[in-house]
S.K.: 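One structure is given below, represented as structure tokens, and several questions about it will come after.
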Amino acid sequence: MPLRIYNTLTRKKSEFEPIQAGKVSIYVCGPTVYDSAHVGHAMSALVFDIVRRYLIYRGYDVDYVMNFTDVDDKIIDRANRLGVDPFELAEKYIEEFKQNLRELNILPASEHPRASQEIDAIIKMVSQLIEKGSAYEVDGDVYFRVETIRDYGKLSGRKLEEMNAGSRIRVDKRKENPMDFAVWKKAKPGEPAWDSPWGAGRPGWHIECSAMNLSHFGPQIDIHGGGNDLIFPHHENEIAQTEAITGKPFARYWMHNGMLQLKGEKMSKSTGNLVPINDFLNDHPGDVIRLLVLSSYYRSPLTFNSEVIEANQRALDRLLSGLRPALPNAVGAPEAVLSELAEQIKITQQGFTASMDEDFNTAGALGHIFELVRAVNQARSEQASDDQLAPAQAALKTLTDVLGLELKPPELTTTGADAFVDLLVALRKDLRDQKLYQLSDYVRDELLKLNVIIEDTPQGSTWRWE
RNA sequence: GGCGACGUAGCCAAGUUGGUAAGGCAAGGGUCUGCAAAACCCCCAUCACGGGUUCGAGUCCCGUCGUCGCCUCCA
């Protein structure tokens, strides 16, 4: 079964064929670092982390680059308002975001290039664009000449004429065409700037990604990803610039994730409609937001609210239930139960791959995983031993690992406490044997306050940390 | 106004090339238990609405209504 990917450029799913057999290059647009990242950014990072992990699972050697935009109007504005250096401000939020990525169990990128570190490459690109007649300089600004691109608008499905007609932007008279966009901006006093053939200035927004792609991957890449709010103008312009220089199709597959919806609207920094990643992670394990992302199709809008988060927290608990050990003193399950379990492993593995192959249908894949969880729990309640559960639990762990779920069982923070809990549980058994239920319940209740959950079974009691 | 996506049970959400609807959460019933918890079993939808194509459509076509995104910085 081939892997199929929905390509924004062609508006349909097609079989994935990398440029070079066995290797995949992925470039994902990261955030503009002028403030703390919110869970919408987390969603995007998670989506492409899952894509990456699955490609690795499929045997590809994946080179993964995510950029940071650290030169930008908003960063400069924010820095000026706070009276700090814009680069220091950017640095602070880059470090914070990287920490977020680690806590979300996102595989480290091969590289995190930044606009400020690509200036030479950018200036070279701008020069080339001017030489080719694809860009022109006006008073220290350099604009891309969109009319030189015959298929400008191919990614977002727009036509130049229509955009001009509907344009509500105040038109800059110096532009030849209202849709021409800046590849190099003249510096205003007090702004960070670099020397260039057109005077002191800084890169336009889109050019940095084109330059980074060229320097890290060359003229063509396999997958270019980002939020669907970047389709126009950002990615459209990236294509225009890059292809104007290379003359080759830029990215083979354009993948875009849908927006996280908070209170019925897109979560967004500029409107303040957001939940910072830090706040979320203070209250929930990273697996919860990952599970939320996994539970729907990455291209669709994703509902984010307390109800949904709560549901996914429970769902996470259920996944964890599949990894619990056998019942105490389990005598072994009947052959029929074991063969059914073995069969379910196969069904789940096949279903998982089939779902993921269809443009990373993680919700479908998760459905199969939950079926395996049920089978494991079934076998356990039928007296399966740890050894008998092991293959299914290993399969479960392998598949959830492909999705990047950590499934860390809650662990004790105080080393050595286990022995004391064991002692109390043993004591409680004696109390129960003597039918001193008031006392035994007291032990259970008090332990629960200490985050120890006791569960009684016909063969004895088990306990675990909450 | 233009372009695009979507509308499946109380909530979230799958559904490959059309053949009578995954999964999670919640609710209800049951098994187990001294009680509880957990787990297990059972139960819960005709797919926004109206037409059409077809032996047969959630799944294709047309229309209506509604939601969201982009068109300006944005994951």
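The sequence lines fix the lettering, A, B, ..., with proteins before strands; numbering per chain opens at 1.
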S.K.: Taking 4.0 angstrom as the limit, do A:R374 and A:E371 come out as a salt bridge?
M.R.: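 No.
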
S.K.: Heavy atom of residues 436-443 of chain A under 4.0 Å from RNA chain B: which residues?
M.R.: A:Y437, A:S440, A:D441

S.K.: Roughly how far apart, to the nearest Å, are B:U59 and B:G15 at atom C1'?
M.R.: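 To the nearest whole Å, 8 Å.
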
S.K.: Start at the 5' end of RNA chain B and walk down; is the nucleotide closest to A:H206 or to A:I231 reached first?
M.R.: A:I231

S.K.: Name all residues meeting the side-chain contact (heavy atoms from CB on, under 4.5 Å) criterion together with A:S355; count only those two or more places apart in sequence or in a different chain, and write none if there are none.
M.R.: A:N361, A:A365, A:H368

S.K.: Measuring only between side-chain heavy atoms, which start at C-beta, is A:D433 closer than 4.5 Å to A:K429?
M.R.: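 With C-beta onward as the side chain, the pair touches.
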
S.K.: Output all residues satisfying salt bridge (Lys or Arg N to Asp or Glu O under 4.0 Å) with A:E406, sequence neighbours left out; order by chain, then residue number.
M.R.: A:K408

S.K.: Could you pull out all residues at least two apart from A:K92 that satisfy salt bridge (Lys or Arg N to Asp or Glu O under 4.0 Å)?
M.R.: none

S.K.: Sequence neighbours left out, what passes side-chain contact (heavy atoms from CB on, under 4.5 Å) with A:A251? Give chain and number order.
M.R.: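 A:A251 satisfies side-chain contact (heavy atoms from CB on, under 4.5 Å) with A:I221, A:H224, A:W254 only.
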
S.K.: Write down the distance between CG (A:L155) and P (B:C71), rounded to a whole number of angstrom.
M.R.: 13 Å

S.K.: Using the 3.5 Å cut-off, write out each protein N or O paired with an N or O of nucleotides 65-69 of chain B and the distance between them.
M.R.:
residue : atom : partner : partner atom : Å
B:G69   : OP1  : A:K266  : N            : 3.2

S.K.: More 5' along RNA chain B: A:K269 or A:N305, using each one's nearest nucleotide?
M.R.: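 Result: A:N305.
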
S.K.: How would you list, by chain and number, every residue that makes a salt bridge (Lys or Arg N to Asp or Glu O under 4.0 Å) with A:R464, sequence neighbours excluded?
M.R.: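 Listed in chain order: A:E455.
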
S.K.: Taking only residues two or more places apart in sequence or in another chain, which ones pass salt bridge (Lys or Arg N to Asp or Glu O under 4.0 Å) with A:D445?
M.R.: none

S.K.: Classify the side chain of A:R324 versus the base of B:A38 as yes if they form a donor-acceptor pair under 3.5 Å and no if they do not.
M.R.: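 A donor-acceptor contact between them is absent.
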
S.K.: Summarise how protein sits on nucleotides 18-30 of chain B as a single string, 5' to 3': B when a protein heavy atom is under 4.0 Å from the base, S for sugar-phosphate-only contact, - for no contact.
M.R.: ----BSSSS----

S.K.: For A:Q349, give me all partners under side-chain contact (heavy atoms from CB on, under 4.5 Å), at least two apart in sequence or on another chain.
M.R.: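 side-chain contact (heavy atoms from CB on, under 4.5 Å) list for A:Q349, sorted by chain: A:I345, A:A395, A:L399.
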
S.K.: With sequence neighbours left out, what residues match A:H284 under ring pair (Phe, Tyr, Trp, His ring centres under 6.0 Å)?
M.R.: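 Residues passing ring pair (Phe, Tyr, Trp, His ring centres under 6.0 Å) with A:H284: A:F280.
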
S.K.: How would you list, by chain and number, every residue that makes a side-chain contact (heavy atoms from CB on, under 4.5 Å) with A:A311, sequence neighbours excluded?
M.R.: none

S.K.: Taking CG from A:L389 and P from B:A39, how many angstroms apart are they, rounded to a whole number?
M.R.: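 Going from CG in A:L389 over to P in B:A39 covers 15 Å.
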
